[in-house]
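This report concerns only the one structure given below.
Just so it is clear, the structure is predicted and the values come from calculations on it, not from any experiment. Numbers restart at 1 for each chain; the letters A, B, ... are given by sequence-line order, proteins then strands.
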There are 4 protein chains.
Amino acid sequence: MKEKIIEKAIELFEKKGFSTTSIQDIVDELGVTKGSFYYYFSSKEQLLMDIYNEYITNLLDRQTKIIANKTLSPKEQLIEIIRLLIDDLIENGPRARIYFREMRHLSENHINTIKKIRKQFRKNIEMVIRTGEEQGVFKNQLPADILAFALLGLTNWSYNWYTPAGEIPPDQLVKIYSELLLTGLLDKDH
Amino acid sequence: MKEKIIEKAIELFEKKGFSTTSIQDIVDELGVTKGSFYYYFSSKEQLLMDIYNEYITNLLDRQTKIIANKTLSPKEQLIEIIRLLIDDLIENGPRARIYFREMRHLSENHINTIKKIRKQFRKNIEMVIRTGEEQGVFKNQLPADILAFALLGLTNWSYNWYTPAGEIPPDQLVKIYSELLLTGLLDKDH
Amino acid sequence: MKEKIIEKAIELFEKKGFSTTSIQDIVDELGVTKGSFYYYFSSKEQLLMDIYNEYITNLLDRQTKIIANKTLSPKEQLIEIIRLLIDDLIENGPRARIYFREMRHLSENHINTIKKIRKQFRKNIEMVIRTGEEQGVFKNQLPADILAFALLGLTNWSYNWYTPAGEIPPDQLVKIYSELLLTGLLDKDH
Amino acid sequence: MKEKIIEKAIELFEKKGFSTTSIQDIVDELGVTKGSFYYYFSSKEQLLMDIYNEYITNLLDRQTKIIANKTLSPKEQLIEIIRLLIDDLIENGPRARIYFREMRHLSENHINTIKKIRKQFRKNIEMVIRTGEEQGVFKNQLPADILAFALLGLTNWSYNWYTPAGEIPPDQLVKIYSELLLTGLLDKDH
DNA sequence: AATGAATGAGCGTTCATTCAT
DNA sequence: AATGAATGAACGCTCATTCAT
């Protein structure tokens with residue numbers, strides 16, 4: 001039941017937004033009562049936090065595995081992180097969109113918890129870039145922290161428009177983003 | 001007074017979100033009454049739409065000027081568009097953050113109006129890229145529409161973290177983004 | 001202007017009801033502002049009272065003339081009163097419907113004023129009936145006061161359904177009501 | 001509780017009118033809160049509709065029984081319908097007065113539902129009259145549809161003035177109305 | 001584990017009215 | 001004679017939350 005509530009909540013939060021979705025809305029669709037909801041969650045915010053936690057923890061775990069894989073070069077790790085984010089978009093689109101949009105509705109404490117993990121995720125990307133720079137694979141005149149933000153912007157923005165069912169399959173999107181990020185727009189002969 | 005309401009609304013919508021900000025919140029801070037608010041706006045949604053309209057119209061106008069400037073090469077136009085977006089972030093940060101977050105709260109009609117302008121803005125970037133491709137300046141194996149989304153992701157994401165008061169002045173951010181977008185991460189010698 | 005406000009108010013009060021019609025509604029349709037309204041009327045209730053006063057005074061005046069006409073027999077006077085009410089329905093339908101429906105929204109003082117005139121109107125009918133009874137034209141086993149109410153019920157109810165544009169022209173309606181009231185439903189041979 | 005809300009609402013709607021009675025007014029008198037009201041009714045209009053439905057359905061049922069009773073002649077059925085309406089006035093005066101006054105505040109759909117039943121009630125009277133005409137008991141030069149309206153005017157108007165506690169007991173009112181309707185005002189010798 | 005009833009605070013909106021100009 | 005700006009009270013309604021059962 002708890003899981004069912006979370007699933008339905010994700011569906012509705014994505015469609016209508018957190019504050020526009022009432023607990024009544026959620027339980028109505030499940031055919032249970034509000035009392036039930038409060039048996040499993042102490043508050044609406046707690047439910048949101050559960051969704052956040054599950055989401056970001058999972059993402060960080062998968063990223064950690066990529067980084068721990070020492071058989072991959074920094075360049076390959078970077079590509080794998082892009083792949084991770086595009087894959088996630090496909091698997092957990094609704095969850096991710098909620099993640100980007102509704103942070104404001106968490107309590108200050110919860111926000112800090114999430115922000116810490118989020119920062120860790122970003123710092124990991126930064127580290128990969130730095131390693132690449134040290135190895136001379138990446139240019140070293142660009143600041144790694146900004147580049148990490150840039151990578152995240154590139155991929156995260158996709159949640160706003162990309163649908164895997166369209167012309168571009170996920171694999172190709174990863175390829176395009178990787179190519180762009182690694183070699184840029186300009187033609188070599190110019 | 002109408003202008004004062006809009007200013008205060010932008011401030012609060014950014015801080016607390018559209019649906020969490022009540023009209024009472026807005027007028028309380030201005031020391032007027034709700035009746036006053038409704039003298040100037042027909043609804044809370046209308047106020048939001050006013051903010052949207054003003055914002056996106058202004059942005060499209062400035063982009064149009066860049067594109068109309070035939071003394072600029074596609075590459076330079078692209079850089080100018082990046083500069084436009086970063087400049088705007090600095091001038092209109094709050095307005096822009098609202099723009100990205102609260103679309104859901106517009107009426108269907110209004111959403112369509114905004115989406116049309118937004119699409120125009122994106123199509124303009126696409127066009128610049130396409131022109132660059134045709135002139136052989138840009139690689140032509142990457143799809144222009146995705147690249148437009150990529151540029152927008154790169155710049156728009158900045159609204160989430162960039163503060164001009166920090167170590168990186170706006171000019172340099174434009175430079176970093178341009179360099180990354182044009183030539184990529186990889187060192188030439190690799 | 002005062003007259004224009006009254007006309008428009010009658011139109012709207014009939015269509016939407018007194019309390020559902022706002023002063024804004026009235027002045028909007030006339031292209032003037034609320035300030036204007038309050039130049040001519042001290043309150044919304046005062047406007048309603050003006051409508052009431054004009055209406056019932058006019059009606060009583062016309063009834064008085066019928067009763068003063070000594071060339072008419074009681075029976076003829078009764079028919080003329082029915083005709084007056086049907087004529088009025090046609091000339092002043094909206095005004096009359098307001099009269100029947102919105103009394104509740106007058107102040108207590110005003111209600112009393114109106115009720116007095118209304119009672120006078122009814123008492124006049126009663127008097128005609130009584131005169132008819134004394135002259136032996138009307139049965140005298142039926143109480144005149146109830147009969148006055150009956151006549152008013154018969155005619156006033158027409159405001160709920162009768163439209164002069166239909167199959168039955170006003171003249172005929174008067175005839176039907178008169179016939180029914182004077183001789184009843186039953187066939188003489190029964 | 002639902003029943004208590006309906007009772008109190010009827011009392012207040014009759015005294016002050018539907019739109020002048022706020023939900024706050026209703027719940028205040030019952031010592032509960034507005035939230036409670038909305039637990040039982042989806043809207044103020046729904047409450048009104050409940051009152052309408054209950055009222056008119058009950059009335060139509062009782063009328064149907066009279067009409068189905070084949071031991072009664074048309075004349076007797078007509079008298080019984082008058083009795084039904086007067087009895088109802090006494091039992092359900094407030095409900096009935098609301099019924100006559102507040103239809104405007106129902107939604108279009110609901111109005112249509114009620115109008116259908118109301119029309120059925122009227123058509124039933126018409127039918128009784130027509131049967132009487134065919135049997136030669138009633139005059140046949142008067143149109144039955146108008147006569148049905150006339151009967152309804154006669155009885156329904158009583159809701160505006162008749163109090164059973166006065167000089168005239170209900171039984172006698174029925175008798176007066178029946179006599180008037182059947183044989184009219186005029187003395188036979190005239 | 002779940003229900004049903006109730007609360008209380010707040011929300012967006014309306015509106016009669018006022019008043020300086 | 002009329003306007004434009006503002007008020008303040010009320011309204012219908014929503015909703016997260018509580019709690020006895």
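For the 3.5 Å distance criterion, the side chains of A:H110 and A:E45 qualify, holding a donor opposite an acceptor. Residues C:Y55 and C:D50 bring no donor and acceptor atom of their side chains to less than 3.5 Å of each other.
Counting only Watson-Crick or G-U wobble pairs whose defining distances are both under 3.5 Å, the stems of 3 or more consecutive pairs in DNA chain F are E:2-21 with F:2-21.
With respect to A:R104 and B:E102, a salt bridge is recorded, a charged nitrogen being found less than 4.0 Å from a carboxylate O. B:K16 and B:D25 are joined by a salt bridge, as a carboxylate oxygen and a charged side-chain nitrogen come within less than 4.0 angstrom of each other. Using a 4.0 Å cut-off between a side-chain N of Lys or Arg and a carboxylate O of Asp or Glu, D:R101 and D:E14 do not qualify as a salt bridge. Ion pair C:R95/C:E7 flagged as a salt bridge, since at least one NZ, NE, NH1 or NH2 atom sits closer than 4.0 Å to an Asp/Glu carboxylate oxygen.
Rounded to a whole Å, the CG atom of C:L30 is 15 Å from the C1' atom of F:dT3. To the nearest angstrom, C1' of F:dA2 lies 11 Å from CD1 of C:I5. The interatomic distance linking A:F41 (CZ) with F:dA16 (P) rounds to 14 Å, in whole Å. The NE2-P distance, from B:H105 to E:dC11, rounds to 15 Å in whole Å. What separates CD1 of A:I26 from C1' of F:dA16 is a distance of 11 Å, to the nearest Å. In this structure, A:D28 places its CG atom 14 Å from C1' of E:dG4, rounding to the nearest Å. In this structure, B:K16 places its NZ atom 12 Å from C1' of E:dG10, rounding to the nearest Å.
OP1 or OP2 of E:dA1 has at least one side-chain nitrogen or oxygen of A:Y39 nearer than 4.0 Å.
Taking every side-chain heavy atom of D:Y40 into account, E:dA5 is the closest of F:dG4, E:dA5, E:dT7.
Of the candidates D:I114, D:I51, D:L59, D:I114 is the only one forming a side-chain contact (heavy atoms from CB on, under 4.5 Å) with D:Y99.
Evaluation of the ring pair (Phe, Tyr, Trp, His ring centres under 6.0 Å) rule for B:F121 yields no partner, not counting sequence neighbours.
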Heavy-atom contacts, protein to nucleotides 13-21 of chain E, under 4.0 Å, summarised as B (base), S (sugar-phosphate only) or - (none) per nt, yield BBBBBB---
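Listed for the B:K44 side chain is a donor-acceptor partner under 3.5 Å among the backbone atoms of B:T21.
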